2 protein chains.
Amino acid sequence: MDAALQVFSAHGFRGSTLDQIAINAGLSKPNVLYYFNGKEAIHVALLSDLLDTWLDPLRALNPNGNARDELLAYIRRKLELARNFPRESRLFANEIVQGAPRIENFLKGELRILVDEKAAVIAEWMDAGQIAKLDPFHLIFSIWALTQHYSDFEAQIRFIRADNITDSHDGAQSFVETIFDKILAP
Amino acid sequence: MDAALQVFSAHGFRGSTLDQIAINAGLSKPNVLYYFNGKEAIHVALLSDLLDTWLDPLRALNPNGNARDELLAYIRRKLELARNFPRESRLFANEIVQGAPRIENFLKGELRILVDEKAAVIAEWMDAGQIAKLDPFHLIFSIWALTQHYSDFEAQIRFIRADNITDSHDGAQSFVETIFDKILAP
DNA sequence: GTCTATAGAAGGATAGAC
DNA sequence: GTCTATCCTTCTATAGAC
């Protein structure tokens, strides 16, 4: 699974080969297929394992907590997830950039329900004047965009800042928290 | 070229086939190869045509202008580019998510020089107190992340908001400008 | 310039020995 | 469980007719 994650996240589904995965896993190609019922099955297994984990940070947003604290904590959880699991983040990014053919049902189902629910919570916080009035959906999208950018587009950041940093996430947490503090201020 | 852009942006380089491109272009496969010297050459031609255009919005940032106005105008140009050329945006996104193997030299060269130059301009604006003091590199990255998100991850936005909107960019301009207005306020 | 036919390599998957 | 050998499909690219 780790070998497959490595390969799929770096080349996308169609760009990856069983050969690469097998070599990466230190196995022969038929031996990989002994454990998984084909290339697609490996990919599905990877995504399935991940989908739930990926929802956790948003799921943990507590409607009864303080709006600003809850949202900043959510942002911190997302940043940590992206930083600790950049390959998983790029596995999703590859899928979505290419039209999300294999996770369409997840996006239209579980994720959508969760986003609708949490957007309503955020809207209430805004109505109550706890945070600035903004489109709650766009606010969620902006959190995703900013937190995942450091993992998904890591190559771009690395090539641009080669001399100055070694980790694309350097300074990201402090920066992202600072700007969302400004954004959310009522 | 348009057929190739369509295919490459939707499937990535390795995920695309000459068959798809040929069918999309209404030509036979050998006829496509009569015009281009191989699959890689088509991809290179597409990227080369695009790289310059992609730098234009940042290049137009005027050091002698008003900081806030210049940055908001830059954001507006980036949003328009992403909205008008989503396939081109995804062509880049595919490349970068997969480690930017074919545009590494562009990122480390032209783009890096331009970003360094404009980051210095932004730093001066900050020192002069025209806008809030932030890391200028992270500020540029955050503009990229937020503007491109609506094109690159369009599928995700569409599946989540299926009933409510038809265009992933709906409300994006007003939202992004609003939050950068808050972010930049000194 | 455009096509059909096909070469040659690579990829997914299976058979069958151990 | 793990391998080698191999089948069959798909893919890039070329040959050569028109």
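Chain A is the first sequence line, chain B the second, and so forth, proteins listed ahead of strands; every chain is numbered from 1. Keep in mind the model is a prediction, meaning the values are calculated, not measured.
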Same apolar cluster: B:Val44 and B:Leu51, side chain cutoff 4.5 Å | no

Plane angle bin for B:Phe153 and B:His149 - parallel if under 30°, tilted between 30 and 60°, otherwise perpendicular = parallel

Does a salt bridge link A:Asp181 with A:Arg68, judged by any charged N lying under 4.0 Å from a carboxylate O?
-> yes

Lys/Arg N to Asp/Glu carboxylate O, B:Asp167 vs B:Arg83, below 4.0 Å = yes

Where along residues 43-50 of chain A does a heavy atom come under 4.0 Å from DNA chain D, residue by residue in number order?
-> none

Protein-nucleic acid N or O pairs under 3.5 Å, nucleotides 10-12 of chain D:
residue : atom : partner : partner atom : Å
D:dC11  : OP1  : A:Arg14 : NH2          : 3.2
D:dT12  : OP1  : B:Ser16 : O            : 3.2
D:dT12  : OP1  : B:Lys39 : NZ           : 2.9
D:dT12  : OP2  : B:Leu18 : N            : 2.8

Nucleotide interval of DNA chain C bounded by contacts with chain B (heavy-atom cut-off, under 4.0 Å) | C:dG1 to C:dG11

Flag the pair A:Asp127 and A:Lys133 as a salt bridge only when some basic side-chain nitrogen lies within less than 4.0 angstrom of an acidic carboxylate oxygen.
-> yes

Any side-chain heavy atom of A:Ser16 within less than 4.5 Å of one from A:Val7?
-> yes

Near-ring test B:His169/B:Phe175, centroid separation under 6.0 angstrom = no

Would you say the side chains of B:Arg87 and B:Gln6 form a donor-acceptor pair under 3.5 Å?
-> yes

State whether A:Glu80 and A:Arg76 are salt-bridged, where the test is any N-O pair (Lys NZ or Arg NE/NH1/NH2 against Asp/Glu carboxylate O) under 4.0 Å.
-> no

Salt bridge flag under 4.0 Å for residues A:Asp116 and B:Arg161 | no

